[in-house]
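For reference, the structure is listed below as structure tokens.
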Amino acid sequence: MIPVKNSAEILSMRTACEVAATVLYKVVQLVEPGVSTYDLDQAGKEFIRELGAKSACYNYRNGSKIYPGYICTSINEEIVHGIGSMRKTIQSGDAVSVDVVISYDGFIGDNAKTVIVGDVSENVRHLVDSTRESLDYAIGFARPGGRVGDISNAVQTFIESRGLSIVRDFVGHGVGRSMHEEPQIPNYGHKNKGDKLKPGMTLAIEPMVNLGSSGVRMLSDGWTAVTVDGQPSAHFEHTVLINQDGPEVLTLPKK
Ligand code: MF3
Ligand code: CO
């Protein structure tokens, strides 16, 4: 069963997502050459605390593994779930993905963004721009009467038309009282397939896209997913509410 949120729950989701967006915005502003991913993680921890929220990543369990960071920071060939490290320093030419998941008053907000640092190759710019645009395009399909497969298919057709590869080992997801709720939202699939979309559903849509092949390998830390061919990867994510009249992106920083 896909949870449908009532109006009180939607208000709570709005608040949690606004906090997640604000934290992501603040962390991304710190991304520059010389800064380590540990610095970003510590800054994320502090921003989350200042806003009265909690990191949903810290101590997140997957089987026997426990995530040690407060946010996820993934550079270049790292796809998702990179752990902040003093030995990983940002350099000009890098594509840095920051993923922030927070809990506030019992609800989760989840968002991510990839930023390019200094002078990057045309290829990397194409990768990052296309991944962001694929998310914007797919969000347009998060509307009542549609199906999960419409969102999946939108990402896939957009990304493949740009000559890029979809990561298949990780998927988007429903989000609410838990970080991962039904449905799963793969970034590939068929129109008109999958669960029906209804007002009150809140979905984390998150294309993960590789410049080279789609293959994924896990680092020995048990969390960091990297591309098998060492080529760069990009990741964007928004939490989206399905309203009667269409999608509403909940993870926009407050103006
Ligand atoms: N946005 C990621 C997800 O939905 C965040 C993972 S949190 C971590 O899976 F705990 F795994 F780091
Ligand atoms: Co997510």
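As a basis for the values below, the full set of heavy atoms in this structure was taken, side chains included, without hydrogen atoms, waters or symmetry mates. In each ligand, atom 1 is the first atom listed, and ligand 1 is the first ligand listed.
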Ring-face cation contact, Y67 with R61, 6.0 Å cut, 45° max: no
Six-ring centre of F141, R143 cation under 6.0 angstrom, axis tolerance 45°: yes
Presence of N, O or S from H173 under 2.8 Å of the Co ion (ligand 2): yes
Going by atom types alone, do [X] and [Y] pair a side-chain donor with an acceptor below 3.5 Å?
| X | Y | answer |
| --- | --- | --- |
| E181 | H173 | no |
| E248 | N243 | yes |
| E133 | Y137 | no |
| Y60 | H180 | yes |
| S233 | N210 | yes |
| H238 | T251 | yes |

Under 4.0 Å from a heavy atom of [X]: which atoms of ligand 1 are those, numbered in the order shown and with their elements?
| X | value |
| --- | --- |
| C72 | 12 (F) |
| V101 | 1 (N), 5 (C) |
| E237 | 1 (N) |
| Y60 | 10 (F), 11 (F) |
| H180 | 3 (C), 4 (O), 9 (O) |

Region of D110 engaging ligand 1 - heavy atom pairs below 4.0 Å: side chain
Among H173, H81, M179, K65, closest by any non-hydrogen atom to atom 4 (O) of ligand 1: H173
Rounded distance [0.5 Å steps], CZ in F236 versus CG in D136: 9.0 Å
Restricting to N, O or S, what is the name of the atom of [X] that lies nearest the Co ion (ligand 2)?
| X | result |
| --- | --- |
| D110 | OD2 |
| E206 | OE2 |
| E237 | OE2 |

Distance from atom 1 (N) of ligand 1 to nearest protein heavy atom, with residue and atom: D99 OD2, 2.7 Å
Atom 7 (S) of ligand 1: nearest protein contact (heavy atom, Å): C57 SG, 3.2 Å
Contact check, W223 vs ligand 1, heavy-atom distance below 4.0 Å: yes
